[in-house]
Novice: 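Mind having a look at this structure? Questions to follow.
The residues of the chain are indexed from 1 along the displayed sequence.
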Amino acid sequence: MTIEVRAASVFDDVAAVVGPKRPDANVCFCLSYRLTSSKENLALRGPARGERVRELCAEDPAPGVIAYDGDEPVGWAAVHPRADTSFATNRRIPRLDDLDVWSLWCVRVRPGHRRQGISHHLIAGAVAFAREHGAPMVEAYPVDNRGAKVDLTMAYVGTRAAFERAGFEKAADTTSVLNGFPRVLMRLDLR
């Protein structure tokens, strides 16, 4: 298995990893934090969510990165400038300074491909993508689960340990809690 991580510019590949099984489903499609307006997020229903992601995939920079095993998309990481996300105004995740940081908020590996280290490739690929686009710093907001099991539906934010392995350091506590675990703000300085 050789994993390659590339910009998420192919909509069908993004949909294969984070899209719904039915096009009329009202699932996240990884838009909840990507859109700066909760009004827009709530208004996008069914196929409109996919169309909005299709638009984002055509933008530069792309909305994140995709991990491929050969030609098969097997994972996704959402990474983008914090200013273009709801984290720019999130009251539970503190803003530490005025740097144009990038946020890395979702790491998802497709069923059948988990427990193979793909999430580590995704984090490294997201950091490389942010660096290529001039990011001075990458932030993540994982749970601090202290080794306890995290429910798979909530595991998309990652764990503190996974980000520490990637070189991130805890920069601040947050008031956000997910699956009963506190989320922490982790940073990796790219300067």
Novice: Give the minimum heavy-atom separation between Ser86 and Ser32, together with the two atoms involved.
Specialist: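 Taking Ser86 first and Ser32 second, the nearest heavy atoms are OG-O, 3.8 Å.
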
Novice: For the pair Ser176 (side chain) and Arg92 (backbone), establish whether a donor and an acceptor sit closer than 3.5 Å, ignoring hydrogens and angles.
Specialist: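 Checking the backbone N and O of Arg92 against the side chain of Ser176, no donor-acceptor pair under 3.5 Å is found.
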
Novice: Check Ala172 against Pro94 and note the closest heavy-atom contact, atom names and distance.
Specialist: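 Nearest heavy atoms, Ala172 then Pro94: CB-CG, 4.1 Å.
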
Novice: Do Val18 and Tyr156 land in one hydrophobic cluster if side-chain heavy atoms of ILVMFWY residues count as linked below 4.5 Å?
Specialist: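 Not linked; separate clusters.
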
Novice: How long is the straight-line distance from CD1 of Ile93 back to OG1 of Thr174, given to the nearest 0.5 Å?
Specialist: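 The OG1 atom of Thr174 sits 4.5 Å away from the CD1 atom of Ile93.
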
Novice: Parallel, tilted or perpendicular for Phe129 and Trp102, by the 30°/60° rule?
Specialist: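 Because their plane-to-plane angle is over 60°, the rings of Phe129 and Trp102 count as perpendicular.
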
Novice: Considering all heavy atoms of both residues, which atom of Ser103 and which atom of Thr85 are nearest to each other, and what is their separation?
Specialist: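 What the structure gives for the nearest pair is OG-OG1, 4.2 Å.
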
Novice: First locate atom OG1 of Thr153, then atom CG of Asn179, and finally report the distance between them rounded to the nearest 0.5 Å.
Specialist: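 That separation rounds to 6.5 Å.
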
Novice: Sequence neighbours left out, what pairs pass salt bridge (Lys or Arg N to Asp or Glu O under 4.0 Å) with at least one residue falling in residues 119-148?
Specialist: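 Matches after skipping sequence neighbours: Arg82-Glu139, Glu139-Arg187, Asp144-Arg146, Asp144-Arg160.
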
Novice: So, His133 side chain and Ala128 main chain: donor-acceptor pair closer than 3.5 Å or not?
Specialist: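 Not at all, since once roles are kept as given, no pair shorter than 3.5 Å links the two residues.
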
Novice: Determine whether Met186 and Leu188 fall in the same hydrophobic cluster, where Ile, Leu, Val, Met, Phe, Trp and Tyr are linked whenever their side-chain heavy atoms lie under 4.5 Å apart.
Specialist: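 The answer is yes; both residues are in one hydrophobic cluster.
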
Novice: Could you give the distance from CG (Leu35) to CG (Asp84), rounded to the nearest 0.5 Å?
Specialist: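 Interatomic distance, Leu35 CG to Asp84 CG, rounded to 0.5 Å: 11.0 Å.
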
Novice: Rounded to the nearest 0.5 Å, how far apart are NE2 of His113 and CZ of Arg108?
Specialist: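 If I round to the nearest 0.5 Å, the distance is 10.5 Å.
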
Novice: When you look at Met154 and Asn145, which way does the side chain to side chain contact (heavy atoms under 4.5 Å, CB included) test go after all the steps?
Specialist: CA-CA 12 Å; Met154 297 298 155; Asn145 62 325; over 6 Å; no

Novice: Using 30° and 60° as the class limits, which term best fits the ring planes of Trp105 and Phe87: parallel, tilted or perpendicular?
Specialist: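 Ring orientation of Trp105 relative to Phe87: tilted.
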
Novice: Identify whether Val14 and Leu44 are in the same connected component of the hydrophobic contact network (ILVMFWY, side-chain heavy atoms under 4.5 Å).
Specialist: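 Same cluster.
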
Novice: Side chain to side chain contact (heavy atoms under 4.5 Å, CB included) with Ile118: which of Ile123, Asp69, Val109, Val5?
Specialist: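 When side chain to side chain contact (heavy atoms under 4.5 Å, CB included) is applied between Ile118 and each of Ile123, Asp69, Val109, Val5, only Val109 qualifies.
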
Novice: Is it true that Val138 and Val101 fall in one hydrophobic cluster, defined by side-chain heavy atoms closer than 4.5 Å?
Specialist: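 Each belongs to a different hydrophobic cluster.
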
Novice: Is the count of non-hydrogen atoms from other residues, nucleotides or ligands lying under 6.0 Å from Asp71 atom CG greater than 12?
Specialist: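 Counting neighbours around CG of Asp71, 12 or fewer heavy atoms of other residues, nucleotides or ligands fall under 6.0 Å, so no.
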
Novice: Just checking Asp100: does its CG atom have more than 12 heavy atoms from other residues, nucleotides or ligands closer to it than 6.0 angstrom?
Specialist: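 No - once you tally the heavy atoms of other residues, nucleotides and ligands closer than 6.0 Å, there are 12 at most.
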
Novice: Just grab all the ring-ring contact (aromatic ring centres under 6.0 Å, His included) pairs involving residues 157-180, residues at least two apart or on different chains.
Specialist: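 Sorted pair list: Phe163-Phe168.
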
Novice: Between Ala77 and Ala126, which heavy-atom pair has the shortest distance, and what is it?
Specialist: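 What the structure gives for the nearest pair is CB-CB, 4.2 Å.
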
Novice: Taking the side chain as C-beta and beyond, is there a heavy-atom pair between Leu185 and Asp173 under 4.5 Å?
Specialist: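 Side-chain contact under 4.5 Å: no.
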
Novice: Only one of Val107, Val65, Ile66, Asp13 clears side chain to side chain contact (heavy atoms under 4.5 Å, CB included) with Trp76; which?
Specialist: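 Only match with Trp76 under side chain to side chain contact (heavy atoms under 4.5 Å, CB included): Ile66.
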
Novice: Taking the side chain as every heavy atom from C-beta outward, state whether Leu96 and Met137 have any atom pair closer than 4.5 Å.
Specialist: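 Leu96 vs Met137: side chains apart.
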
Novice: Going by the side chain to side chain contact (heavy atoms under 4.5 Å, CB included) test, name the single residue among Thr159, Asp151, Val150 that passes it with Phe181.
Specialist: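 Of all the options given, the one that passes is Val150.
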
Novice: Between Gly112 and Gln116, which heavy-atom pair has the shortest distance, and what is it?
Specialist: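 Result for this residue pair: O-NE2, 3.4 Å.
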
Novice: Can you hop from Leu122 to Val53 via hydrophobic side chains spaced under 4.5 Å?
Specialist: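 They do not share one cluster, since no chain of ILVMFWY contacts under 4.5 Å joins Leu122 to Val53.
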
Novice: Specify the closest pair of heavy atoms between Ser9 and Ala62, including all atoms of both residues, with the distance to one decimal.
Specialist: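 Looking at all heavy atoms of both residues, the shortest contact is N-CB, 4.3 Å.
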
Novice: With rounding to the nearest 0.5 angstrom, report the CZ to CD distance, Arg110 to Glu72.
Specialist: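 The distance works out to 5.5 Å.
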
Novice: As an exercise, state the distance from OG1 of Thr36 to NZ of Lys39, rounded to the nearest 0.5 Å.
Specialist: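 Between atom OG1 of Thr36 and atom NZ of Lys39 there are 12.5 Å.
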
